[in-house]
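In each ligand, atom 1 is the first atom listed, and ligand 1 is the first ligand listed.
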Amino acid sequence: MSWSARLVLVVNSGSSSLKFTVLPCDGGEALVSGLAERLGSPEARLVLKRNGDKTVVDVPDADHSVALYRIFAHLDGDGLLDRIGAVGHRVVHGGERFSESVRLDEAVIADIEAVSALAPLHNPANLVGIRACLAALPEVPQIAVFDTAFHQTMPPAAWAYAVPDAWRRDHGVRRYGFHGTSHRHVSAEAARVLGLPAEDHGLVVAHLGNGASATAILNGRSVDTTMGLTPLEGLVMGTRSGDIDVGVVTHVAAVTGKSLAEIETILNKESGLLGLSGLSNDCRTLEAAAAEGHAGAELALEVFVHRLARHIGGLATSLPRLDALVFTGGIGENSARIRAMTLARLRVFGFELDAEANAATFGGRLGRISRGAGPVALVVPTDEEGLIARDAVRLAGFSDGGDDALAAAQ
Ligand code: ADP
């Protein structure tokens with residue numbers, strides 16, 4: 001079989017869910033995608049999407065392995081399983097150990113385990129999916145793609161917390177940054193579309209989804225980002241507070257008697273747009289409510305934009321020049337209102353909004369939303385799965401040399 005007929009499976013394994021997509025190795029649209037959710041509970045179910053059809057299958061009490069087994073049975077039924085030539089796994093935390101994607105073996109798995117203390121909710125869940133896939137497809141090359149890896153190029157001034165150095169040496173306490181696959185893909189696309197010289201350009205990418213982070217990118221390399229040791233730091237997000245004075249944590253613990261773990265959960269799951277508005281974490285709902293005069297929704301959007309603009313301004317100081325601000329993620333790709341509010345707050349940089357282009361850019365469209373001589377504002381749809389797939393194909397070793405290389409890889 002030629003490598004171009006091969007498929008790549010992208011797996012994103014969470015604590016109680018497992019998302020997957022099957023893509024052609026040489027790019028193009030997904031053939032099948034789906035989600036196994038509520039794993040480990042009686043309500044566990046599998047949702048499969050192919051050719052625009054959605055199938056829902058109950059799989060009571062299925063764990064990750066059982067869910068994968070069921071997914072593979074469906075792929076086999078469609079004649080796709082034998083064509084899978086590589087598997088790409090999303091891994092949340094690579095610590096300082098991983099600065100790029102890597103082929104999985106026992107040593108790599110041990111290293112991912114070793115950094116699990118930094119992401120106790122995510123890395124063990126990623127590893128469950130990895131082990132289940134390795135057991136089910138032992139002959140197929142499997143690749144780990146890390147959310148943190150892209151940010152390993154940050155200089156110490158950007159990654160160090162101003163805390164006792166022993167915290168970093170002994171416990172890995174430093175800023176790592178996340179959403180690396182999205183920032184990497186979107187910045188490369190922006191540089192390509194704008195025709196910027198590879199070794200002479202500066203970008204800020206704002207990935208605004210349910211989770212949100214912004215990154216300063218100099219000549220294709222991350223030089224500063226808003227997320228830190230964990231994804232909690234930085235921008236206001238759907239349910240995360242973003243930056244917060246640690247004094248708030250100790251004060252709330254003292255006056256409410258809540259534990260640190262409880263407060264951390266509230267800051268991650270009940271704060272952000274949801275906490276501010278008292279209504280929803282969903283930007284669409286808040287925009288509609290604000291238009292109806294809901295004060296909490298209005299405040300939530302204002303704080304979101306204030307924090308975002310402040311961070312973009314700060315990130316720009318890591319660049320010799322700001323060529324472009326790039327919006328991506330569900331909010332960045334779709335919300336003309338948030339983009340317009342943000343550019344209005346960044347007038348010090350000389351942005352000039354093209355209101356017509358801004359209103360017309362949504363639903364996966366790529367386009368410039370600024371005009372005039374100032375820096376460019378651009379919308380670039382993110383494609384984390386596509387980038388994981390491309391890394392997996394490249395590291396599986398058969399993308400460059402065609403059939404000969406594939407034969408050698410097998
Ligand atoms: P995740 O981080 O879960 O992948 P997404 O990137 O899908 O999230 O982004 C989800 C966010 O995008 C939600 O807040 C949603 O309201 C917002 N969003 C999607 N479409 C629109 C739209 N048309 N206008 C405003 N916000 C939108």
Side-chain angles (χ1 to χ4, degrees), residues 10-21 30 33-35 37 47 49 90 92 121-122 125 145 147 177-183 185-186 205-215 225-227 230-232 234-242 268-292 294 296-305 307-308 326-343 355 357-367 369 379-388:
V10 175
V11 176
N12 182 355
S13 174
S15 54
S16 65
S17 71
L18 186 146
K19 287 187 205 156
F20 76 95
T21 309
S33 64
L35 165 72
E37 57 185 350
V47 182
K49 291 186 203 150
R90 178 184 176 217
V92 168
L121 296 179
H122 293 108
V145 181
D147 278 15
F178 297 85
H179 286 145
T181 21
S182 180
H183 290 299
H185 169 73
V186 168
V205 173
H207 175 112
L208 311 175
N210 243 321
S213 69
T215 297
T225 193
T226 56
M227 285 177 167
T230 76
L232 185 58
L235 305 179
V236 173
M237 312 184 207
T239 60
R240 292 193 194 114
S241 64
N268 272 298
K269 302 212 154 99
E270 297 170 31
S271 300
L273 295 175
L274 174 63
L276 277 163
S277 66
L279 181 69
S280 171
N281 66 313
D282 191 294
C283 186
R284 270 166 303 197
T285 307
L286 296 180
E287 288 188 16
E292 304 275 306
H294 189 289
E298 189 68 49
L299 177 69
L301 297 175
E302 295 282 349
V303 177
F304 182 88
V305 169
R307 181 84 59 86
L308 173 61
V326 193
F327 291 96
T328 194
I331 298 173
E333 291 169 33
N334 295 297
S335 176
R337 177 177 171 158
I338 293 284
R339 294 188 306 238
M341 286 168 73
T342 307
L343 291 194
N358 187 38
T361 306
F362 57 86
R365 280 185 211 141
L366 185 153
I369 56 164
V379 175
V380 175
T382 193
D383 183 15
E384 292 169 271
E385 279 161 353
L387 195 121
I388 293 173

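For residues 274-287, every residue pair satisfying the salt bridge (Lys or Arg N to Asp or Glu O under 4.0 Å) rule, not counting sequence neighbours, is listed here: Asp282-Arg284.
Taking the side chain to side chain donor-acceptor pair (under 3.5 Å) definition, one finds that Ser13 meets it with nothing, sequence neighbours left out. Residues satisfying the ring-ring contact (aromatic ring centres under 6.0 Å, His included) test with His185, not counting sequence neighbours, are none.
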- side-chain contact (heavy atoms from CB on, under 4.5 Å) between Arg337 and Cys283, intermediate numbers included: CA-CA 10 Å; Arg337 177 177 171 158; Cys283 186; over 6 Å; no
- Task: Please test Thr215 against Thr225 for side chain to side chain donor-acceptor pair (under 3.5 Å), starting from the C-alpha separation and ending with a verdict.
- Result: CA-CA 4 Å; Thr215 297; Thr225 193; 2.7 Å; yes
May I have a table of the N/O to N/O pairs between ligand 1 and the protein that fall below 3.5 Å, each row giving the two atom names and the distance to 0.1 Å?
from: ligand 1; atom 1: 2 (O); to: Asn210; atom 2: N; distance (Å): 2.9
from: ligand 1; atom 1: 6 (O); to: Gly330; atom 2: N; distance (Å): 2.9
from: ligand 1; atom 1: 8 (O); to: Asn210; atom 2: N; distance (Å): 3.2
from: ligand 1; atom 1: 12 (O); to: Ile331; atom 2: N; distance (Å): 3.3
from: ligand 1; atom 1: 14 (O); to: Cys283; atom 2: N; distance (Å): 3.0
from: ligand 1; atom 1: 16 (O); to: Asp282; atom 2: OD1; distance (Å): 2.5
from: ligand 1; atom 1: 16 (O); to: Asp282; atom 2: OD2; distance (Å): 3.4
from: ligand 1; atom 1: 16 (O); to: Cys283; atom 2: N; distance (Å): 3.0
from: ligand 1; atom 1: 16 (O); to: Arg284; atom 2: N; distance (Å): 3.1
from: ligand 1; atom 1: 16 (O); to: Arg284; atom 2: NE; distance (Å): 3.4

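Checking side-chain atoms of Asn334 against main-chain N and O of Phe362 turns up no donor-acceptor pair under 3.5 Å.
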